[in-house]
Amino acid sequence: MLLGHPGNRPHHPPLPGHRCHAPGRACAQDAGGGLVCLSSKGTVLPPSAGSPLFREQAVSPTSLAWRKRFCGLQRSPAELLAVRTRDRKVPQRSHGQKDFVPDGSEEQAERLRRCREEHWQLLAEERVERLGSLVKAEWKPNEGLVELKSPAGKFWHTMGFTDHGKQCLLPEEALYLLECGSIQLFYRNLPLSIQEAYETLLSQSTVSLLQYQVFSHLKRLGYIVLRFHPSVVPSWYERQLNLDSHCKSSGKHHRKRRRSSSPRVLDKKQKALGDPLEAEETLEKASEGQREPSHQASDGSCLSGKSKESDTGIETGDSVQVPAEITQHSASPSQCQDKAGDSSNAAEESYDGALSSRWDFSRIIFPNMASDHPCTFLPQPDKRLLPENVAVQEVDATRWRQLINQKHEKLSQKEQEQRERESRYKNSINADKEVRHCSNWQEYKLLLKQRRQQRAWRRPAHLWDQAVTPLVKPDEVASSAAVLQQISVLQPSHILDGASWLQEDTKDMKIDFDVYQADAVATFKKNDPGKPYARMCVRRFDEQIPSLRAVKQLAYQSQDVPVVFALVDNGDVTFYSFKEFKLPVDVYH
Amino acid sequence: MLRIHVLAGQALVWRFEDAREIRERHRLVGTLVGALARTPRQNVRLGLPLQLLPEEARLLAEMGAAVLVRSADAQPQGQSAQASEGQLYEQGLEESYQEQRRLAAQERWAQLANLAECIAQGRARKQQQRGKLPDTAPLPGPTEEQEHLESAFVFPHESMMVQLPTVWPCPGQEEQVDWTQPSRDWPHAGHQEHETRYCVFRDLWGRGYYVTSGSKFGGDFLVYPGDPMRFHAHYIALCCPPGAPLPLCDIVAAARLGTSVKKTVLLCSAGEDGVVIYTSLQWSGLQ
């Protein structure tokens, strides 16, 4: 072991010089191999050679065998201790501006040599850590996981998971921590070197080398990176209903992210809920909205079936409000249900009736209980209309009617404003006198037919019966933008248009990671990470650009989180993503 | 003989001596993809392993300077073999601990010796403050602390330094990979694209340039007149299969890019006989 005076630079890389604690002293190695410090006065102060603390051990056969097995690549204990005083800073890269052309000059050669020396010196350094700060971990190839044998350190805040009471890490997390010098990875009772760890932990079944390169790149930048699980993404529909926050607050366990390496079975329920979404029928939404609160166990399979059927038999476009109002009553707590169960039951049954058309509506009475009709007596309904175990008597509803509508409805400020705004352009259907005159659906439909015919009379034959017809009618459009919209060739489209109809293919691109921002570390909870900042799809740089179909599928999988493509080109990672933009409309309206 | 370890089609070099030789003797650069041992949590400077382009690895193998290896599936050792290996490791660790303890004790002893004067002065000052008469000048020889060092010195196991080695210690469990045949570990052999790129790469390298991957500038390779540490790239090389049509839009895009980064775009094409033809694009005036 060579130790230099603090003033000299050691000529042999990479061992840094021993830094003496007081300046002006010289350190040297004495004949016995011990460390001796000479004071400035020149007196030698040797350690007491007899004490066991300072007695030097002879090199034992074990350590020889050990060094032979590790091919002399292990550092000696003295070198290991010397690492404690190693410089922690990384020097600059290129020592000044780069040159344009090599001109064979001495200066250039010298600068290049210095750059290279530094480079190799940095690369030759090994990772040496205090044993107390290393967490012991063991690689379990059967499960594809790394199990921690000693308590985890600070990294446990954002990485790892608990499996049957044991702390575990995913292979890419373990490899990253090994490279950082936070853990010691054991396999078959021996510690793995970085090379061995790369070769055993990175395989097709767990995580590939490309994915690991992107993972470690992002982790080094400070992001929190988790594996992507498609079934945990709340669909657009669920978020519309605030189902995800409801589940979080009630602590439902199916929301918890399970970290098993085996692929999760896709939750069929989530898929079924998501399907009816894409159809733009407001009626479907209303019917689903009705079903959801009333059925506690959200049994999605019957949902999609019913919603498709409810289409038939009900006029679209006009009577959207009506079923929604029935909804409110049927979903409300069951206080009035046993008293005035008729109307709500009848309403529900009317829905079923629409589906199966077993009911003859000309014979079934729908009593009007509204405040403008003083109907208070409810006769006993026909037994055939009721379910089997329900017995209903006739009811005098006077007392009940006095109890309801006691409170004057107080609208909040927001609701009042909304009402005012809507009253400017929205017309209630019942405000029309002619509609009020109709006493049943038949008459109403007749009225609509009449109105349609009237409109048709205003179409002159010389304009509308030719091959070329007018583009717009004077009362249909209010601005030039609307006119231009009619003749536009390019229609704006959104990335998610038609995305739900795409069939899934096993060869498709998959999202690999969820990325959370670094400043969220303080509030990050592993069990409930929240919405990620971006989702990563790892690809090779020399592959084809993804087709629109692939991009749509990925966007659909990811819902509202942007998808970023991480392209790896022989170790260099670059990030690309598709961004939405709107074509500008050239008309001021 | 340099060893290039193949992992899923990527060529990695793990020993820093090999990396040094590859760069200094063979003029091949590669990319560092691991964490730097000194500061692992940053992306500016990375450390080993060095990842080589498939063309670089093939060139070294063709020259006979390197051999492509992959790790063989280790035979499952018996329980006793595993246990004995584990014991050997534990013993080695214990010995290292003892040695480190001894060295640390010596350091502490030396430190105390150096500070003997300061300690004595401090003690004298304190005694003065308390009003007692100061002692006589400190005697030469070991001080109190040094004498009590043996009993007072604490060096627990947790304080010892342990190395996390980078390189696989045992070279015996490796198999050679034939780079001429496509396999799961080396799928590049035989692909037309790889052949074209390799022809161009070898030609440029043979002319004395340093050639690295060029995806940063939209090309296949970046061509440097000297070591990339000290020089800027001169050319962006784009490999075109011979006879394939090249859309004009691509040419314009490449030329624009080259102009804006002050590099010349080279369209390279390898003919049947292996001769590579270069066409350079440069922004010029009307003539």
Side-chain angles (χ1 to χ4, degrees), chain A residues 21-22 25 34-35 37 45 47 51 53-54 57 60 62-63 66 70-71 73-75 77-78 80-81 83 90 94 98-102 111-112 115 120 122-132 179-181 188-190 193-196 199 208-209 213 217 220-221 541 569-572, chain B residues 7-8 10 14 16 20 31 33-43 45 47-48 51 53 71 82 85-86 88-89 91-92 95-96 98-100 102-106 109-111 113-114 150 153 157-169 213 215 225-227 229-232:
Chain A
H21 299 286
R25 312 277 179 182
L35 182 68
C37 281
L45 309 161
S51 63
L53 187 59
F54 299 103
Q57 319 276 352
S60 78
T62 320
S63 70
W66 198 45
F70 290 96
C71 292
L73 295 169
Q74 288 278 354
R75 297 282 188 261
L80 291 180
L81 266 188
V83 167
V90 178
S94 58
K98 284 197 192 178
D99 300 315
F100 188 64
V101 150
R111 261 184 255 142
L112 177 62
C115 268
W120 304 127
L122 277 180
L123 284 192
E125 279 175 4
E126 289 281 325
R127 290 168 182 82
V128 179
E129 299 289 328
R130 240 179 111 253
L131 187 62
E179 284 202 287
C180 284
R188 294 180 181 159
N189 294 333
L190 283 179
S193 62
I194 311 276
Q195 180 185 351
E196 278 174 320
E199 283 165 6
S208 69
L209 178 63
Q213 281 177 346
H217 181 95
R220 273 182 240 128
L221 285 172
F541 189 83
D569 176 37
N570 202 65
D572 286 321
Chain B
L7 183 62
Q10 321 278 349
W14 285 97
F16 103 94
R20 185 171 191 166
T31 328
V33 295
L36 191 64
R38 194 186 266 201
T39 47
R41 286 186 168 88
Q42 45 84 32
N43 260 337
R45 282 192 100 146
L48 289 170
Q51 185 164 352
L53 289 169
S71 70
Q82 280 186 29
E85 288 261 322
L88 187 66
Y89 172 71
Q91 276 176 1
E95 282 184 15
S96 176
Q98 293 297 341
E99 180 68 15
Q100 285 188 34
R102 187 182 76 83
L103 290 168
Q106 282 185 345
W109 202 96
Q111 186 185 31
N114 289 332
E150 277 193 51
F153 186 65
H157 265 92
E158 282 75 34
S159 300
M160 80 176 256
M161 306 299 279
V162 159
Q163 182 191 359
L164 301 168
T166 312
V167 184
W168 195 356
S213 101
S215 62
D227 195 312
M229 267 189 208
R230 292 294 314 147
F231 299 99
H232 289 293

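First the proteins, then the strands, lettered A, B, ... as listed; each starts at 1. Worth knowing before you read on, the calculation uses all heavy atoms, side chains too, and leaves out hydrogens, waters and symmetry mates. Since we're looking at a predicted model, the values are computed, not measured.
- Remark: side-chain polar atoms of A:Glu126 are paired, donor with acceptor, to backbone N or O of B:Thr166 under 3.5 angstrom.
- For the pair B:Gln163 and A:Arg127, the minimum side-chain heavy-atom distance is 4.5 Å or more.
- What you find for A:Glu179 and B:Pro40 is that their closest heavy atoms are O-CB, 3.7 Å.
- In summary, the side chains of B:Ser213 and A:Asn570 do not present any donor paired with an acceptor at a separation below 3.5 Å, with no hydrogens or angles considered.
- For the pair A:Glu129 and B:Leu164, the tightest heavy-atom approach, listed with the atom from each and the gap, is CG-CD1, 4.3 Å.
- Between B:Asp227 atom CG and A:Arg111 atom CZ the span is 13.5 Å, to the nearest 0.5 Å.
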**Message:** Let's go through B:Met160 and A:Arg130 carefully: what are the C-alpha distance in whole Å and the side-chain angles of both, what is the deciding distance for side-chain contact (heavy atoms from CB on, under 4.5 Å) to 0.1 Å, and is it a yes or a no?
**Reply:** CA-CA 6 Å; B:Met160 80 176 256; A:Arg130 240 179 111 253; over 6 Å; no
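- Here the shortest heavy-atom pairing between B:Phe231 and A:Lys98 reads O-CD, 3.6 Å.
- In this structure, the portion of A:Phe541 lying under 4.5 Å from any heavy atom of chain B is its side chain and not its backbone.
- In terms of heavy atoms, B:Gly34 sits closest to A:Arg220 at C-NH2, 4.2 Å.
- The contact between B:Gln10 and chain A is made entirely by side chain atoms (from C-beta outward), counting heavy-atom distances below 4.5 Å.
- B:Leu88 CG to A:Asn189 CG: the interatomic distance, rounded to the nearest 0.5 Å, is 12.0 Å.
- Rounding to the nearest 0.5 Å gives a distance of 6.0 Å between CD of B:Gln51 and CG of A:Leu209.
- Two residues are said to be in side-chain contact when any heavy atoms from C-beta on lie closer than 4.5 Å; B:Glu85 and A:Arg188 fail this criterion.
- For the atom pair NE2 of A:His217 and CG of B:Asn43, the computed distance is 4.5 Å after rounding to the nearest 0.5 Å.
- By number of non-hydrogen pairs under 4.5 angstrom with chain B, the leading residue of A:Asp572, A:Leu123, A:Leu221 is A:Leu123.
- Minimum heavy-atom separation, A:Glu125 to B:Ala37: O-CB, 3.6 Å.
- Distance check, rounded to the nearest 0.5 Å: CG of B:Leu53 to CG of A:Asp569 gives 7.5 Å.
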